[in-house]
Each structure stands twice: as C-alpha cells, then as structure tokens.
Protein chains: 2
Amino acid sequence: MKFKNDRPIYIQIEKFIRENILKGKWGSDDRVPSIRELAVDMEVNPNTVMRAYSELQDQDIIYNKRGIGYFINENARKKVMQQSKKNFLQKQLPQVFNQMELLNINFNELEEYYREYETKGEDNETIK
Amino acid sequence: MKFKNDRPIYIQIEKFIRENILKGKWGSDDRVPSIRELAVDMEVNPNTVMRAYSELQDQDIIYNKRGIGYFINENARKKVMQQSKKNFLQKQLPQVFNQMELLNINFNELEEYYREYETKGEDNETIK
DNA sequence: ACTAGTGTATTAATGACATATAACACTAAT
DNA sequence: ATTAGTGTTATATGTCATTAATACACTAGT
C-alpha cells in the first residue's frame, strides 16, 4: 500500500480500516487481518499497525481476543458512520465552502464538478 | 494567533499569507509584516516565520529587499489562485465526493448544507 | 508438550519541528 | 557616523511523533 507523506502511517491505516467497515467489507464479529499479516501486506512495521488497532480499540470500533486476533465490534459501522459524518459536516465541508469563497467558485460550478466526478468514476458497487 | 496541532506552524503561517493575498489584503509590491514583527504578533520564534517566508519566496509569491523587508510579487495573486484552485480540484474535491459516497450523501443534501453555510456566514465583504 | 500464530510491552533510532542565541550585513533616517 | 530596523546565517538544544527492533506472553490445535 502506498502512503501519503503528510500524515502518519498509522493514521492512514486507521482510515483504511474505517473505510472497509463503511463499505461493508467487514461486518460485526468479522476478524480483521492480524497485526503481522497486515504489516507484511502494507510493508510496514507490526508496531505501526498495532498503533492503528489500539486507537480503533480505544474507540470501540474493534475488539481483541488475546492470542487470536482483532474483531469488528457490534455497532462498529454505526459508530464509524456517525464519527465520519460529524467530521464531514463540521470540518471538511466548512473548509471546502470557505475555499470556494476565496476562489470565487459558486455552487453551480460545484455541481459541474460533481457531475464530472459522477461520470468518471462509474465503478461503484459499494459492496462487492 | 492560534495554531492547529496537526500541522507545522510554518505551514499554517504560509497559509495565512496566501489567504490574505487571495482576499486582496495585500497587493503587488505591498510590504508584508517583517519577520520579527510577525513573530511577536503570532508569539512564535522568528526562525519559524522565516521558514514560511523562505518557502513563499522559493515559489515567487513574495520577494525580498535585504535590510528592508518582504514584498508581494507581481503576479502573486494569480499564482496563488492557480495553485489553490489546482489543489482544490485535484485533491480536496475528489476526497469530498468520495466521502459523500461512503456516507450516502447525495448532491441535494450537499446543496442543503451549502445554503445553510451561506446563510450563517453572512459577513462576506471579500475586500474590506 | 509442542508449535505456529496471535497480541503485548519495552526500549531504541530517527527525524521533524520549534526554539534560543548570537553574530553578521544591509538600508534608511537622523 | 550613528542608530534602529530589517534580513541572513549558523549552531545548539530540547521535545515530540513516528517507526523499528526485540523479547515476551497468550491461545488453539495437534
């Protein structure tokens, strides 16, 4: 997996996990890849993966069975959805709208870009 | 000035300068605050401000007269506008649209949020 | 009991960042 | 000439986040 340079790797791994939960790839009590497995897969140190998992565990997104692995929590999807939506509405969107002001982009333009994006990325199956 | 904790201060200072250029607060050949002045103002070490200014100078946004100060470059606004717009279209927007997919937010909803934002922040004078 | 696979914990190495100092050089105003 | 204000350069320091290395402990299956 390729990581961006401007954010900690463990944060990007966290995001990866969250997205898979949102996409429905992993449901309640499904097992997520083991720390070592994911570390190899992503070409990263196991501790880096562990840090991501620890954070997710602290937030009750995943839970752990010692010696066995990590698993998706009961209400993980709901929780991730809420967190993401909150972040989207309170952080991301205001920044975007603010930037639009600075760049003199109105809502009609935004719609054009949206339609464009919609057309381009026509590979949306949500759940495979 | 209050800084966020998740980005280097010198990057945030850079952003501050760029935004003031976009807003029209500083035009061609206007002088920006001196390194020492801005450092005091923002309660930060002069070297931190200098780092921001150096970056901006490397990108031909500002230029320097030794012993006198830093000034806004001829085509600074145009340049910043281009850079910001490129970043907006190629980075920010795709992320937002992607996030909308994950959160099942359609374009009509987005419009609602936009109208809401439009109403709330009715203190837009662009140039004072 | 053994083994392979899992997580846990401690410590170390590295690098980015911000700060603190200080000495220096240039410019404008007096 | 002097002074005050500017930028320039260099060095040292401390802190913190991130990642890596390593040894340890638990669990299941045989």
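Bear in mind that the values here come from a model prediction, so they are computed numbers and not experimental data. First the proteins, then the strands, lettered A, B, ... as listed; each starts at 1.
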Quiz item: Is the base of C/dG7 touched by the side chain of A/Arg36 through a donor-acceptor pair closer than 3.5 angstrom?
Solution: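 Side chain to base: pair found, below 3.5 Å.
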Quiz prompt | Distance-only donor-acceptor test, A/Asn47 side-chain atoms vs C/dA9 base atoms, 3.5 Å | solution =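 Check passes, donor-acceptor contact within cut-off.
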Self-check item: Under 3.5 Å donor-acceptor, B/Arg77 side chain and B/Leu22 backbone
Solution: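 Answer holds: yes.
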Quiz item: Between A/Asp30 (side chain) and A/Gly27 (backbone), is there a donor-acceptor pair under 3.5 Å?
Solution: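 Flag set: sc A/Asp30 to bb A/Gly27 pair under 3.5 Å.
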Please state whether the phosphate of [N], meaning OP1 or OP2, lies under 4.0 angstrom from any side-chain nitrogen or oxygen of [X].
X	N	result
A/Tyr10	D/dT18	yes
B/Thr48	C/dT19	yes
A/Arg31	C/dT6	yes
B/Tyr70	D/dT8	yes

Exercise. Take atom CD1 of B/Ile62 and atom C1' of D/dT6, then tell me their distance rounded to the nearest Å.
Key: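 The distance from CD1 of B/Ile62 to C1' of D/dT6 comes to 14 Å, rounded to the nearest Å.
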Practice problem: Please report, rounded to the nearest Å, how far the P atom of C/dT14 is from the CD1 atom of A/Ile9. | Solution: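 These atoms are roughly 17 Å apart.
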Quiz item: Pick the nucleotide of DNA chain C nearest each of B/Pro8 and A/Ile68; which residue has the one closer to the 5' end?
Solution: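 Its nearest nucleotide being more 5', the pick is A/Ile68.
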Practice problem: Under 4.0 Å between any heavy atoms, over every strand shown, what does A/Tyr53 touch: base, sugar-phosphate, or nothing? Just pick one. | Solution: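 No contact.
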Quiz item: Across the strands shown, which category fits A/Asn45 at heavy-atom distances under 4.0 angstrom: base, sugar-phosphate, nothing?
Solution: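 Base contact.
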Self-check item: Pi-cation contact, B/Phe71 with B/Lys65 (under 6.0 Å, within 45°)
Solution: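 Verdict for B/Phe71: a cation-pi partner in B/Lys65.
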Quiz prompt | Residue mapping more 5' on DNA chain D - nearest nucleotide basis, A/Gly67 or A/Arg51 | solution =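 Looking at DNA chain D, the more 5' nearest nucleotide goes with A/Arg51.
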Quiz item: Would you call the rings of B/Phe97 and A/Tyr114 parallel, tilted or perpendicular if under 30° counts as parallel and over 60° as perpendicular?
Solution: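 Answer is perpendicular, since the angle exceeds 60°.
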